[in-house]
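Only one structure is covered here, and it is reproduced in the block below.
The basis for the numbers below is simple: all heavy atoms, side chains too, and nothing from hydrogens, waters or symmetry mates. Note that ligands are numbered from 1 as they come in the structure, with each ligand's atoms numbered from 1 the same way. Model, not experiment: these values are computed from the prediction.
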Amino acid sequence: MNPQLKKNIDEVRKQINEAALKSGRKPEDITLIAVTKTVDVDTIRDGIELGLEHLGENRVQEFDEKYNQIGDACKWHLIGHLQTNKVKSVVGRTELIHSVDSIRLAMEIDRQSKRLNVISKILIEINIAMEETKFGILPNHVKEFVKSLEDCENIMINGFMCVAPFVEKSEQNRKYFRKMCEINVDNKNMFQHNTSMLNLSMGMSNDFAVAIEEGATMVRIGTSLFGSR
Ligand SMILES: *Cc1c(COP(=O)(O)O)cnc(C)c1O
């Protein structure tokens, strides 16, 4: 086993704990999602042995290959753009789909979930800085988006996710994380039957401490754990 991996995990957990305490929250309320894209299966198994419980993949094909080898030894999160025709490979096998960015996609997740008789937990991805290159719902369309999913009975809308801009200093993203938190509060439990806005998935290797200070409940970390890709 690569000794660096244990060091990295310890260091990331330490920083998560510090950021949580700094903002008056409990460290155990923050979920570390280890982003394993491009990471090989042996290294992932080592990570699981070292206590990583939640893994995030951004491509369905890669998720599929790894899921077939690792299975339910951990909880899987789909964090990347999801095409409607690939929903079948994801539903029933993931803990949470973070990247729902269209009505069509949400409806297809609902449809496939109904077929399998499961409820799929999803997050709505928000293009919080309104970047042209990013997926996600624009901040002022969120309410309307949530409303249009009222009739979906086999999804549970569990909160929001964003990929913040790539910035030099993490402080530059604080305003976006703060806005995410406001959006979450604004839309909290809009419908009894299929909303439960518990989670804010935001913060990556570069900026997770600031994200936690602003209310992140899930951080998605790749580089700081596994090295640069
Ligand atoms: C790659 C990726 C991450 C992790 O990024 P790092 O900077 O390596 O921590 C988080 N979220 C998404 C959606 C990603 O694609």
What side-chain donor-acceptor pairs closer than 3.5 Å can you find for residues 42-53, not counting sequence neighbours?
from, atom 1, to, atom 2, distance (Å)
Thr43, OG1, Asp40, OD1, 3.0
Thr43, OG1, Asp40, OD2, 3.1
Arg45, NH2, Gln69, O, 3.4

Starting from [atom], locate the nearest protein heavy atom and write down its residue, its atom name and how far away it is, to 0.1 Å.
{"atom": "atom 13 (C) of ligand 1", "value": "Ile79 O, 3.5 Å"}
{"atom": "atom 5 (O) of ligand 1", "value": "Met204 CE, 3.5 Å"}
{"atom": "atom 9 (O) of ligand 1", "value": "Ser205 OG, 2.5 Å"}
{"atom": "atom 11 (N) of ligand 1", "value": "Arg220 NE, 2.9 Å"}

Atom indices of ligand 1 within 4.0 angstrom of [X] heavy atoms, with elements:
{"X": "Thr223", "result": "6 (P), 7 (O), 8 (O), 9 (O)"}
{"X": "Ile221", "result": "9 (O)"}
{"X": "Lys37", "result": "1 (C), 2 (C), 3 (C), 14 (C), 15 (O)"}

Quiz item: Okay, side chain of Asn173, backbone of Ala211: is any donor-acceptor separation there less than 3.5 Å?
Solution: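 Judged by distance alone, no pair lies under 3.5 Å.
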
Quiz item: With Phe63, which residues qualify under ring pair (Phe, Tyr, Trp, His ring centres under 6.0 Å), at least two apart?
Solution: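 Result, ring pair (Phe, Tyr, Trp, His ring centres under 6.0 Å) vs Phe63: Tyr67, Trp76.
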
Would you check whether [X] has a nitrogen or oxygen atom less than 3.5 angstrom from a nitrogen or oxygen atom of ligand 1?
{"X": "Asn206", "value": "no"}
{"X": "Gly222", "value": "yes"}
{"X": "Ser224", "value": "no"}

Quiz prompt | pair Glu65-Gln61: side-chain heavy atoms closer than 4.5 Å | solution =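 Yes, their side chains come closer than 4.5 Å.
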
Practice problem: Say whether Lys169 and Gln172, considering side chains only, have a donor N or O and an acceptor N or O under 3.5 Å apart. | Solution: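 Per modelled atom types, Lys169 and Gln172 side chains form no pair under 3.5 Å.
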
Self-check item: Atom pair CG (Leu116) and NZ (Lys88), whose distance is rounded to the nearest 0.5 Å
Solution: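 It is 9.5 Å, given to the nearest 0.5 Å.
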
Quiz item: Picking from Ser228, Ser170, Ser224, what satisfies side-chain hydrogen bond (donor to acceptor under 3.5 Å, both in side chains) with Ser205?
Solution: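 Going through Ser228, Ser170, Ser224 one by one, the side-chain hydrogen bond (donor to acceptor under 3.5 Å, both in side chains) with Ser205 is satisfied by Ser224 alone.
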
Quiz prompt | contact_flag His98 ligand 1 heavy-atom lt 4.0 Å | solution =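 No, that is not the case, since the closest heavy atom of the residue is not under 4.0 Å from the ligand.
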
Quiz prompt | Full working for side-chain contact (heavy atoms from CB on, under 4.5 Å) between Leu82 and Leu105 | solution = CA-CA 8 Å; Leu82 177 57; Leu105 175 60; 3.9 Å; yes

